[in-house]
Amino acid sequence: MQIDERKAIASVKEAIARHQDYLLSKQNPQGYWWAELESNATITAEIVLLHKIWGTDKSRPLHKVETYLRQQQREHGGWELYYGDGGEISTSVEAYMALKLLGVTETDPAMVKAREFILAHGGISKTRIFTKMHLALIGCYDWRGLPAIPPWIMLLPDSFPIYEMSSWARGSTVPLLIVFDRQPVYQVDPAINLDELYAEGVENVRYELPRNDDWTDIFVFLDDAFKFAQDYNLVPFREEGIKAAEKWVLERQEATGDWGGIIPAMVNSLLGLKALDYDREDPIIVRGMEAVDRFAIEDEDSYRVQPCISPVWDTALVVRSLVDSGLSPDHPSLIKAGEWLLSKQILDFGDWAVKNKQGMPGGWAFEFDNRFYPDVDDSAVVVMALNQIKLPNEKLKQEAIARTVAWIATMQCYPGGWAAFDIDNDAEWLNLLPYSDLKATIDPNTADVTARVLEMVGNLNQNGDSPIISPKQLQRALDYLTQEQESEGCWFGRWGVNYIYGTSGVLVALSLVADYTHQDSIAKGAAWLVSCQNQDGGWGETCRSYDDPSLKGIGDSTASQTAWALIGLLAAGEATRNWATAAIARGVEYLLATQQADGSWNEDYFTGTGFPSHFYLKYHLYQQHFPLTALGRYARSVHLGQLS
């Protein structure tokens, strides 16, 4: 499809200017950008339960949660993991529980529809471990149906098993050692039961862990042994393990009250301390509850809670998009953003240092405050954002970048790639435990995070400085990405949905650090992107592609995924020998056609990934800054004559 380049570039420049104005108007006076991080109803439902257990519900506007949950219920009666998924059993049970805790009766039409959906999908017995745990806390499920977690594991050497878990699993699991040991059942107001949600009848429930009829059933046998020891008070070092878990939790609370920067770790820590009979007026609890409050969004009618908050991530990506689209590197808004980012660099040793004995601190985290858990992905993006702008104190900026690059270099995993939070966090057997039914207990290296690091390397090396990682490290990373390329030409996306995200990132990285040596890989990846372009010119991919590989690159078009595809194709450059030009033009036209009057874009679909197959995210700024980056890079390519 041929277009008039002159007319097209004029339209693109107009779209860029409108969206730059839009984003600049959203900047916080302190310098950062921050938008909602949307997930599913379970996060808010669990907050309702938390406040009911602690008796802090009357001091929060929880009555507004009812409106939110009613808004989120779909026509089929259930609640979704992500937009358009048809409803999910655990999410629906927790939403139903929260509505009942808020005083909604079983005869309410919304509850009737929800109950029909839940029973049709197997009822409570088919829900995940964490849903059952929350129900057990208020006597709506029996603790016998949950796995035992012996507290003495806290007394084992640091590397096993607590530090073989991912940072998010670790932060959530350590306080649960206390909860699962104490097995509390709390009285709440109103007192409820959920007997009506057992498809087999509450009298017929078998409170036991599922068996797979294979070698993994050894974990079920071990669980039986742990429970026997628990029942007869034969658990060794029980109280010592509980004390160690309590100490670990207390040490990892931020001064702001947060734990790990994520709601599951925060909720579980508060539940663990409740099981140890902490008073709700204890400063530790007060700070923790205030931290939870800061994750909430209250509207006139509704109240909901985010699973996490993303100001560092949002700010760095917005900065990159503004510079990519032509804003001056020393624009006052960018200077303010850059200085804010510098103030958030983490100079403390975090949990990453348990397995990484060489690294010195210097990373960035996702949130406002999370000193124990900087991550490689955020850190690489912040480095690139800072590298693109000009600050009054350039020496300070360069020192911060150098610290981060040195830290990231020490975080390379054994297979050659990078993971998000830790090195060599790949003990896959942990995902086979009955406790780990979300299959997200580890944090192995991934193509998308590895690509981000190599993109950072390529960006910094463009300055003509000395290589920032050794040739050996670079080759190991390239070998890893080569091995990870799928037969179709795409790459898996761990933190974004899904193969479009992964492929885009790798194409950008390879184009910067291996454009001559990996032309074939680049061309194959670009060809795959072109092959899955939609008729409307955009790109989209459903979250179901994590469960069904036949859906790779298939889905309704979205602004963010279209932008990812364009960014990847534009980076592929000469490797495509210009056969991607028409696809790029159609993608640009899609973005221009879907831009709204105020310069923004909108999409309903979730394009962020928390845990593949189990937890998804909608970053409300993804649909804004990624299209701006794509249009900015397109305009520059046309100007430089790289497209014909």
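What you see below is based on every heavy atom in this structure, not just the backbone, and it leaves out hydrogens, waters and symmetry mates.
Counting only heavy atoms from C-beta outward, the side chains of E196 and K100 approach each other to under 4.5 Å. Side-chain contact between Y501 and T607 is absent, with no heavy atoms from C-beta onward closer than 4.5 Å. Residues Q306 and I43 are not in side-chain contact: their nearest non-hydrogen atoms beyond the backbone lie 4.5 Å or more apart. Within the 4.5 Å cutoff, the side chain of M266 has heavy atoms near those of the F295 side chain. When side chains are defined from C-beta on, V249 counts as touching V174, because their heavy atoms get closer than 4.5 Å. In this structure the side chain of F366 never reaches within 4.5 angstrom of the side chain of P311, judged on heavy atoms. Counting heavy atoms from C-beta outward, H63 and L102 have side chains that stay 4.5 Å or more apart. Under the 4.5 Å side-chain criterion, counting only non-hydrogen atoms from C-beta, E200 is in contact with S125.
A salt bridge links R452 with D377: the distance from a Lys NZ or Arg NE/NH1/NH2 to an Asp or Glu carboxylate oxygen falls below 4.0 Å. Note on R252 versus D351: salt bridge recorded, some NZ/NE/NH1/NH2 to OD/OE distance being below 4.0 Å. For D224 and R211, the salt-bridge test passes: some basic side-chain N is under 4.0 Å from an acidic carboxylate O. Residues K355 and D422 are not paired through a salt bridge, judged by the lack of any N-O separation under 4.0 Å between the basic side chain and the carboxylate. Under 4.0 Å is where a charged nitrogen must lie from a carboxylate oxygen, and between R304 and E36 at least one such pair does. Ion pair R182/E239 flagged as a salt bridge, since at least one NZ, NE, NH1 or NH2 atom sits closer than 4.0 Å to an Asp/Glu carboxylate oxygen. D231 and R144 are joined by a salt bridge, as a carboxylate oxygen and a charged side-chain nitrogen come within less than 4.0 angstrom of each other. With respect to the salt-bridge test (charged N to carboxylate O, under 4.0 angstrom), the residues D142 and K132 do not qualify. Between K247 and E251 a salt bridge is recorded (basic side-chain N to carboxylate O distance below 4.0 Å). One finds a salt bridge joining D57 and K52 here, because a Lys/Arg side-chain nitrogen approaches an Asp/Glu carboxylate oxygen to under 4.0 Å.
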Would N498 and S545 count as a side chain to side chain donor-acceptor pair (under 3.5 Å) if you check the C-alpha gap in whole Å, the side-chain angles of each, and the deciding distance to 0.1 Å? CA-CA 7 Å; N498 171 353; S545 64; 3.1 Å; yes
Stepwise, does the side-chain contact (heavy atoms from CB on, under 4.5 Å) test hold for T446 with F492? CA-CA 8 Å; T446 62; F492 176 77; 5.6 Å; no
Test side chain to side chain donor-acceptor pair (under 3.5 Å) applied to Y605 and T542, step by step: CA-CA 8 Å; Y605 291 99; T542 173; over 6 Å; no
Please lay out, stage by stage, how R294 and F368 fare under the test side-chain contact (heavy atoms from CB on, under 4.5 Å). CA-CA 11 Å; R294 286 193 290 273; F368 285 110; over 6 Å; no
Apply the test side-chain contact (heavy atoms from CB on, under 4.5 Å) to residues W429 and E164: give CA-CA distance (whole Å), side-chain angles for both, the deciding distance (0.1 Å), then the verdict. CA-CA 10 Å; W429 64 270; E164 293 299 331; 5.6 Å; no
Which is it for N356 and M411 under the side-chain contact (heavy atoms from CB on, under 4.5 Å) test, yes or no, and what are the steps along the way? CA-CA 7 Å; N356 178 357; M411 293 292 288; 3.2 Å; yes
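Checked against a 6.0 Å centroid threshold, the rings of F606 and Y83 do not count as neighbours. F130 has its ring centre no less than 6.0 Å from the ring centre of H134. Between Y96 and F117, the distance from one ring center to the other does not fall under 6.0 angstrom. Between F372 and F349, a ring centre-to-centre spacing not shorter than 6.0 Å is recorded. Between Y373 and W168, the distance from one ring center to the other does not fall under 6.0 angstrom.
Atom CD of Q187 has 12 or fewer neighbouring heavy atoms from other residues, nucleotides or ligands inside a 6.0 Å radius. Under a cut-off of 6.0 angstrom, the local environment of CZ in F237 is sparse, with at most 12 non-hydrogen atoms contributed by other residues, nucleotides or ligands. In R544, the CZ atom is not crowded: 12 or fewer heavy atoms of neighbouring residues, nucleotides or ligands sit closer than 6.0 Å.
Between M289 atom CE and I47 atom CD1 the span is 8.5 Å, to the nearest 0.5 Å. For the atom pair CZ of R287 and CH2 of W259, the computed distance is 8.0 Å after rounding to the nearest 0.5 Å. Rounding to the nearest 0.5 Å gives a distance of 10.5 Å between CG of N268 and CG of L177. To the nearest 0.5 Å, the span separating CH2 on W495 from CG on D448 amounts to 8.5 Å. Separation of atoms CD (E38) and NE2 (H620) is listed at 4.0 Å; rounding is to 0.5 Å. Atom-to-atom distance recorded for W364:CH2 and I346:CD1 is 9.5 Å, nearest 0.5 angstrom.
The aromatic rings of Y619 and Y622 lie parallel to each other, with less than 30° between the two planes, well short of the 60° mark. Relative ring orientation between Y546 and Y616 is described as tilted, the plane-to-plane angle lying within the 30° to 60° band.
Screening L49, V93, L197 for a side chain to side chain contact (heavy atoms under 4.5 Å, CB included) with L135, the sole residue that qualifies is V93.
In this model, a donor atom of one side chain and an acceptor atom of the other lie less than 3.5 Å apart for D547 and S613. No hydrogens or angles considered: nothing links the side chains of T127 and S90 as a donor-acceptor pair under 3.5 Å. Side-chain polar atoms of E94 and T42 form no donor-acceptor pair below 3.5 angstrom. Looking only at atom types and distance, the side chain of T131 has a donor-acceptor partner in the side chain of R128 under 3.5 Å away. Judged purely by distance below 3.5 Å, without hydrogens or angles, the side chains of Y435 and T441 never pair a donor atom with an acceptor atom. Checked by atom type, the side-chain pair E80/T91 shows no donor-acceptor distance below 3.5 Å. With hydrogens and angles left out, the side-chain atoms of E428 and N431 include no donor and acceptor closer than 3.5 Å. There is no side-chain donor-acceptor pair under 3.5 Å between Y68 and E298.
When atom types are taken as modelled, the side chain of T404 and the backbone of G363 share no donor-acceptor pair closer than 3.5 angstrom. The closest donor-acceptor contact from the side chain of W152 to the backbone of I242 lies at 3.5 Å or more, if one exists at all. A side-chain donor-acceptor contact under 3.5 Å links Q73 to the backbone of A110. When atom types are taken as modelled, the side chain of S59 and the backbone of T56 share a donor-acceptor pair closer than 3.5 angstrom.
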